[in-house]
Amino acid sequence: MFGYRSDGKKVKGMSIIDKAEPFFMPQRIDAVNYTTVQIYCDKLDEFIARERRNGVSFNYMHIVIATIVRILYTRKKLNRFIMRGTTYQRNTITVSMDIKKPLHDDGETITLKFYFTGRENIYEIKEIVDGEIAKNLGADQNSHQTTKVASKFCKLPDFLFRWGLALVRFLDRHGLMPKALIHASPFHTSCFLTNLKSIKLGHIYHHLYNFGTTSIFVAMGKEKMEPVVENNKELKIAKIMNLGMSLDERVADGLYMSNSLKLLREIMQTPDCLKDKMPDDGSIPKKIVKKKPKKLKTIKKTKIKKEKVKKEKKVKESKPKKIKPLKNKKKHDKKKKKISTEEA
């Protein structure tokens with residue numbers, strides 16, 4: 001109530017444009033932008049194969065979730081949400097996703113919500129994700145709270161279900177929604193992820209939900225071979241996985257979003273950086289630097305220099321040698337005359 005919420009803190013000191021945008025675009029669906037992030041799979045495959053030899057089994061989903069958590073931790077604005085024109089900074093980092101128990105049309109769908117601090121490395125994230133999935137795939141009582149609450153609501157008659165959701169929306173808009181419901185709701189999350197690769201489908205652009213606080217939706221597509229132009233020169237075939245992303249433009253400006261997406265791509269191309277934990281204070285995010293093939297460049301330069309030297313030597317050898325003119329012609333002539341008189 002009055003700008004206070006249990007799942008976030010009100011952001012203060014915003015610029016005029018950032019503060020006014022939520023009032024021009026009151027609904028989340030009004031402010032959604034779509035983009036595609038291309039990920040080269042060769043580095044991911046190398047990382048997965050190397051870790052598998054060490055006894056750890058990773059997949060693309062683990063790397064994507066670990067990258068999302070790292071981005072939300074280092075790029076704080078992406079972990080914001082808008083409610084009734086007010087911008088809030090989220091207290092936790094959460095990722096929601098749907099999982100289908102058996103992969104057929106009538107299979108039961110389970111919605112999970114993973115909680116992170118942002119400091120975890122990829123091994124700890126894998127444990128959290130695999131643990132929650134294993135817990136919910138079995139038909140036991142330890143199912144996720146999201147599934148339990150959803151099943152209770154769905155048992156209500158239609159008119160009660162409609163009234164119940166209207167009450168929940170009202171409480172959510174005014175900051176009165178109970179913590180237990182926010183904790184269970186998959187729509188009150190930092191990012192919603194869908195793994196379309198698991199059902200052999202390409203990436204899509206999913207809409208953002210007006211209900212809840214989700215500001216980012218990521219859709220993992222199935223990897224495929226595509227023609228790629230490298231360095232605007234060479235055309236080659238590469239294995240690529242596309243991420244379809246839906247972003248709420250009200251939480252950050254275009255430049256901030258662009259730099260965040262570049263960082264996401266760099267982390268995905270260097271997954272070994274996810275092995276390191278982030279600092280506890282969060283004030284010094286680790287820099288991710290692209291590995292450039294410096295040795296190859298120096299070898300190329302030395303080869304070019306050697307070829308130039310060889311060419312210059314050949315040109316010098318082909319040119320006729322110039323005869324140097326004598327500096328003192330008079331002295332040379334006098335010596336010749338003396339030699340001729342002595343011979344006579």
Side-chain angles (χ1 to χ4, degrees), residues 7-8 10-11 14-40 60-61 63-90 93-98 113 118 172-173 185-197 201-222 226 228 240-269 285 288:
D7 55 346
K10 187 177 178 181
V11 178
M14 298 177 65
S15 64
I16 297 171
I17 295 175
D18 293 338
K19 194 171 182 179
E21 271 187 347
F23 294 95
F24 292 117
M25 296 175 283
Q27 293 187 340
R28 198 167 289 111
I29 197 65
D30 298 332
V32 62
N33 286 332
Y34 305 101
T35 187
T36 303
V37 180
Q38 276 191 341
I39 305 298
Y40 291 92
Y60 286 179
M61 186 186 71
I63 301 174
V64 171
I65 293 176
T67 304
I68 291 171
V69 173
R70 185 64 53 90
I71 289 293
L72 292 171
Y73 184 74
T74 55
R75 309 289 290 174
K76 304 292 185 184
K77 287 186 179 180
L78 295 185
N79 201 20
R80 292 179 176 179
F81 63 91
I82 313 294
M83 184 61 68
R84 290 191 70 206
T86 305
T87 304
Y88 293 89
Q89 184 71 46
R90 211 180 303 269
I93 295 174
T94 53
V95 177
S96 298
M97 67 180 302
D98 289 337
K113 188 174 177 181
D172 192 21
R173 286 196 302 269
S185 170
F187 305 106
H188 292 75
T189 183
S190 306
C191 175
F192 210 112
L193 173 68
T194 177
N195 185 6
L196 300 178
K197 177 184 179 302
L201 186 67
H203 75 290
I204 62 169
Y205 303 109
H206 201 284
H207 62 87
L208 293 178
Y209 297 104
N210 283 328
F211 176 72
T213 59
T214 310
S215 299
I216 303 173
F217 207 113
V218 179
M220 288 175 56
K222 189 182 185 305
E226 289 186 4
V228 178
I240 286 177
M241 177 178 65
N242 291 318
L243 300 178
M245 302 192 71
S246 308
L247 306 166
D248 188 347
E249 68 166 313
R250 300 174 298 175
V251 298
D253 57 32
L255 179 62
Y256 193 92
M257 289 285 191
S258 174
N259 291 333
S260 301
L261 294 177
K262 287 176 185 176
L263 181 60
L264 183 142
R265 190 182 291 109
E266 288 179 10
I267 294 175
M268 291 287 291
Q269 297 304 139
I288 298 151

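We number each residue from 1, following the sequence as shown.
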Do side-chain atoms of [X] reach the backbone of [Y] as a donor and acceptor pair under 3.5 angstrom?
{"X": "K113", "Y": "S185", "answer": "yes"}
{"X": "R28", "Y": "I82", "answer": "yes"}
{"X": "D253", "Y": "Y256", "answer": "yes"}
{"X": "R250", "Y": "M25", "answer": "yes"}

What residues, two or more places apart in sequence or in another chain, satisfy side-chain contact (heavy atoms from CB on, under 4.5 Å) together with N33?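 Residues passing side-chain contact (heavy atoms from CB on, under 4.5 Å) with N33: E249.
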Partner set under side-chain contact (heavy atoms from CB on, under 4.5 Å) for I16, not counting sequence neighbours: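 Once residues adjacent in sequence are excluded, I16 has no partner under the side-chain contact (heavy atoms from CB on, under 4.5 Å) criterion.
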Looking only at heavy atoms, what is the nearest atom pair of [X] and [Y], with distance?
{"X": "S246", "Y": "V32", "answer": "CB-CG2, 3.8 Å"}
{"X": "I71", "Y": "L264", "answer": "CD1-N, 3.6 Å"}
{"X": "K19", "Y": "M14", "answer": "N-CE, 4.2 Å"}
{"X": "P186", "Y": "S96", "answer": "O-OG, 3.0 Å"}
{"X": "L247", "Y": "L208", "answer": "C-CD1, 4.0 Å"}
{"X": "I93", "Y": "G118", "answer": "CD1-CA, 3.8 Å"}

Checking side chain to side chain contact (heavy atoms under 4.5 Å, CB included) for the pair Q269/I39: CA distance, chi angles, key distance, verdict? CA-CA 7 Å; Q269 297 304 139; I39 305 298; 3.5 Å; yes
Beyond-backbone contact of [X] with [Y], side-chain heavy atoms, under 4.5 angstrom:
{"X": "T87", "Y": "V251", "value": "no"}
{"X": "F81", "Y": "D7", "value": "yes"}
{"X": "M268", "Y": "M241", "value": "yes"}

Would you tabulate the side-chain donor-acceptor contacts of residues 211-221 under 3.5 Å, counting partners in other chains and residues two or more places apart, or write 'none'?
{"unit_1": "T213", "atom_1": "OG1", "unit_2": "R90", "atom_2": "NH1", "d": "2.9"}
{"unit_1": "T214", "atom_1": "OG1", "unit_2": "F187", "atom_2": "O", "d": "2.8"}
{"unit_1": "S215", "atom_1": "OG", "unit_2": "R80", "atom_2": "O", "d": "2.8"}

Report the residues that fulfil side-chain hydrogen bond (donor to acceptor under 3.5 Å, both in side chains) with [X], sequence neighbours left out, ordered by chain and then residue number.
{"X": "D30", "value": "none"}
{"X": "Y205", "value": "T36"}
{"X": "S260", "value": "R75"}

Take Y34 and M245 through the test side chain to side chain contact (heavy atoms under 4.5 Å, CB included) and record every step on the way to the result. CA-CA 6 Å; Y34 305 101; M245 302 192 71; over 6 Å; no
By the definition side-chain contact (heavy atoms from CB on, under 4.5 Å), identify the one residue from T67, L243, V37 that meets it with R265.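 One option only clears the test, and that one is V37.
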Say you draw a straight line from [atom1] of [X] to [atom2] of [Y]; how long is it, rounded to the nearest 0.5 Å?
{"X": "T94", "Y": "F192", "atom1": "OG1", "atom2": "CZ", "result": "10.5 Å"}
{"X": "I65", "Y": "M61", "atom1": "CD1", "atom2": "CE", "result": "4.5 Å"}
{"X": "S190", "Y": "N79", "atom1": "OG", "atom2": "CG", "result": "3.5 Å"}
{"X": "T194", "Y": "I204", "atom1": "OG1", "atom2": "CD1", "result": "6.0 Å"}
{"X": "E21", "Y": "D248", "atom1": "CD", "atom2": "CG", "result": "9.0 Å"}

Check the pair Q89, K10 against side chain to side chain contact (heavy atoms under 4.5 Å, CB included), reporting the backbone distance first and the verdict last. CA-CA 6 Å; Q89 184 71 46; K10 187 177 178 181; over 6 Å; no
Would Q38 and E226 count as a side chain to side chain contact (heavy atoms under 4.5 Å, CB included) if you check the C-alpha gap in whole Å, the side-chain angles of each, and the deciding distance to 0.1 Å? CA-CA 11 Å; Q38 276 191 341; E226 289 186 4; 3.5 Å; yes
